[in-house]
Colleague: 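Here it is: the structure, laid out below.
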Amino acid sequence: WFLCGCSGKHKGTRDYSPKQMAIRERVFTAIINCFKRHGAEVIDTPVFELKETLTGKYGEDSKLIYDLKDQGGELLSLRYDLTVPFARYLAMNKITNIKRYHIAKVYRRDNPAMTRGRYREFYQCDFDIAGQFDPMIPDAECLKIVHEILSDLQLGDFLIKVNDRRILDGMFAVCGVPDSKFRTICSSVDKLDKVPWEEVKNEMVGEKGLSPEAADRIGEYVQLHGGLDLIEQLLQDPKLSQNKLAKEGLGDMKLLFEYLTLFGITGKISFDLSLARGLDYYTGVIYEAVLLQQQNDHVEDPVSVGSVAGGGRYDGLVGMFDPKGRKVPCVGVSIGIERIFSILEQRVEASEEKIRTTETQVLVASAQKKLLEERLKLISELWDAGIKAEILYKKNPKLLNQLQYCEETGIPLVAIVGEQELKDGVVKLRDVATREEVNIRRENLIEEIRMRTSQL
């Protein structure tokens, strides 16, 4: 039913107006430029996958997978993210080494919360590095990419929280959480950015059957956050340092922070033991970027307005799709594009900034009647030279109407053909903003338009 034409807010989908598309394209351009700057190739995969490909990869979120109606063949589902299809693609094609980005729509049977930028159909922008490399170098680059994109988009103050699945699992072990409860307790911890510790504790003890003592021990750890100093402190922690997994994770975290210091971005990064990311496939470093909202001057801690990027290391996922179980280590990041759109759209509304929805550089106009043929000849020359140009679809439009059209749509230049100009072999070029007009020789017109619009 959701594939019928009844798009609109109530179905958890949205239509994009030209103005919204202009904002969206601006964001995509910034993100793609960043991915390309870091040497990524681009791939694409089908919008649906075999149901079994997606099953069992998302932990408690698997109930949000969209199943398609059985057409008497294989059972298919719409992709839930771009990471699992990527892992399937690597295994199927026996690729052991690639740095790629992928921007495409994904689908979740979520209860839509439009105001928070949550939809059932939405875009993801993923960047991943697959291959066997020395520890933490690709991981540090992924965090640098998040830092570059969020700085470039000027969304306001942000913080990138970092943790490691091994530190979490080690912490659960030393706090007395049984192995079988690691994942479910993990998804409780993951709610700490939204609800207070007391509620999370009640869920662990009341719903998930954890002992209150174990919950209290977890509470002592998950409320810690800091930088290198905290990593050093935990490496000395009598309980954690005895756990092999936690020790490995902390060692790598220390290395990561050294690389991030070299990139000069540690000011925006926090090692945060409450960060858990609910997805099952993470195996090492995990991270999430949140936008901060300064509530008011006398509150110390800025409040998070929600996650705008997340990712981590998933070294076991590709092996799940490989018949021989060959592993390909991977680390990646996903940019939460819908939330970024919502923020930028609200900002544009508030500032009443005029957004251009076309890129037209020049309108070909005429001042007198019976010049349609000349306008068509000229615009054809411009199009063939790669100039973005328009005309009004009228035989004899009034000059005023043509100029008004430029004002409304933001076209910067008007090329006016008139009888006298045709005799003299010139075109009158008018600057819409300043209203200045100059006669340009017909053979120099293309050059002149290019020169004037290159700085825009």
Colleague: Please name all residues satisfying side-chain contact (heavy atoms from CB on, under 4.5 Å) with Thr409, sequence neighbours left out, ordered by chain then number.
Modeller: Tyr405, Ile411
Colleague: Identify, with sequence neighbours excluded, every residue that meets side-chain hydrogen bond (donor to acceptor under 3.5 Å, both in side chains) alongside Glu381.
Modeller: Arg442
Colleague: Going by the salt bridge (Lys or Arg N to Asp or Glu O under 4.0 Å) test, which pairs reach into residues 24-34, not counting sequence neighbours?
Modeller: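 Sorted pair list: Arg26-Glu353.
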Colleague: When you check the gap from the basic side-chain N to the acidic O, do Glu349 and Lys19 get nearer than 4.0 Å?
Modeller: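 A salt bridge is present here (some side-chain N lies under 4.0 Å from a carboxylate O).
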Colleague: Using ring centroids (six-membered ring only for Trp), state whether His147 and Phe158 fall under 6.0 Å.
Modeller: yes
Colleague: May I ask you to check if Arg108 and Phe122 form a cation-pi contact, with NZ or CZ under 6.0 angstrom from the six-membered ring centre and within 45° of the axis?
Modeller: no
Colleague: If you round to the nearest 0.5 Å, how far is OG1 of Thr45 from OH of Tyr89?
Modeller: 10.0 Å
Colleague: How close do Lys247 and Ser241 get, heavy atom to heavy atom, and via which atoms?
Modeller: CD-O, 3.4 Å
Colleague: Does a side-chain N-to-carboxylate-O contact under 4.0 Å join Arg313 and Asp315?
Modeller: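 Judged by the 4.0 Å cut-off on N to carboxylate O distance, Arg313 and Asp315 do form a salt bridge.
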Colleague: Run the salt-bridge test on Glu203 and Lys191 with the 4.0 Å N-O cut-off and return the result as yes or no.
Modeller: yes
Colleague: State which residues pass side-chain hydrogen bond (donor to acceptor under 3.5 Å, both in side chains) with Lys388; sequence neighbours excluded, sorted by chain then number.
Modeller: Glu359
Colleague: For a quick check under 3.5 Å, do Asp272 and Tyr287 share a side-chain donor-acceptor pair by atom type?
Modeller: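 Short answer, no.
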Colleague: For Glu49, which residues count as a side-chain hydrogen bond (donor to acceptor under 3.5 Å, both in side chains) partner, sequence neighbours excluded?
Modeller: Arg88
Colleague: Taking atom CZ of Phe28 and atom CD1 of Ile335, what is their separation to the nearest 0.5 Å?
Modeller: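 The distance works out to 11.5 Å.
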Colleague: Applying side-chain hydrogen bond (donor to acceptor under 3.5 Å, both in side chains), name anything that partners Asp44, two or more places apart in sequence or on another chain.
Modeller: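 If we apply the side-chain hydrogen bond (donor to acceptor under 3.5 Å, both in side chains) test to Asp44, skipping adjacent residues, the hits are His102.
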Colleague: Would you find a donor on one side and an acceptor on the other, under 3.5 Å apart, between the side chain of Glu390 and the backbone of Thr360?
Modeller: no
Colleague: Taking side-chain contact (heavy atoms from CB on, under 4.5 Å) as the test, write out the residues that go with Ala87, two or more places apart.
Modeller: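 Here the qualifying residues are Leu317, Val318, Phe321.
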Colleague: Which pairs, with at least one residue in residues 324-336 and sequence neighbours excluded, count as a salt bridge (Lys or Arg N to Asp or Glu O under 4.0 Å)?
Modeller: Asp322-Arg326
Colleague: Identify, with sequence neighbours excluded, every residue that meets side-chain contact (heavy atoms from CB on, under 4.5 Å) alongside Glu121.
Modeller: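 Once residues adjacent in sequence are excluded, the partners of Glu121 under the side-chain contact (heavy atoms from CB on, under 4.5 Å) criterion are Thr13, Lys105, Tyr107.
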Colleague: Any pair with a residue in residues 259-268 that passes salt bridge (Lys or Arg N to Asp or Glu O under 4.0 Å), sequence neighbours left out, goes on the list, sorted by first then second residue, please.
Modeller: Asp157-Lys268
Colleague: Partners of Phe182 by ring pair (Phe, Tyr, Trp, His ring centres under 6.0 Å), sequence neighbours excluded?
Modeller: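 Phe172.
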Colleague: How long is the gap from CZ on Phe257 to CG on Leu260, to the nearest 0.5 Å?
Modeller: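 Atom-to-atom, Phe257:CZ and Leu260:CG are 6.5 Å apart.
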Colleague: Could you pull out all residues at least two apart from Lys254 that satisfy side-chain contact (heavy atoms from CB on, under 4.5 Å)?
Modeller: Leu228, Ile231, Glu232, Leu235, Glu258
Colleague: Would you call Arg277 and Asp190 a salt bridge, taking side-chain N to carboxylate O under 4.0 Å as the test?
Modeller: no
Colleague: Indicate yes or no: does Arg217 engage Glu213 in a salt bridge with an N to O separation below 4.0 Å.
Modeller: no
Colleague: Which label fits Phe35 and Tyr101: parallel for a plane angle under 30°, tilted from 30 to 60°, or perpendicular past 60°?
Modeller: tilted
Colleague: Does Glu345 come within less than 4.0 Å of Arg14, counting only side-chain N to carboxylate O?
Modeller: yes
Colleague: Less than 4.0 Å between a side-chain N and a carboxylate O, is that true for Glu248 and Arg166?
Modeller: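 Counted as a salt bridge, because a side-chain N and a carboxylate O are separated by less than 4.0 Å.
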Colleague: Specify the closest pair of heavy atoms between Pro135 and Asp252, including all atoms of both residues, with the distance to one decimal.
Modeller: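 Distance-wise, the nearest heavy atoms are CB-OD1, 4.1 Å.
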Colleague: Rounded to the nearest 0.5 Å, how far does CD1 of Ile103 lie from CZ of Phe127?
Modeller: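 One gets 12.0 Å once the value is rounded to the nearest 0.5 Å.
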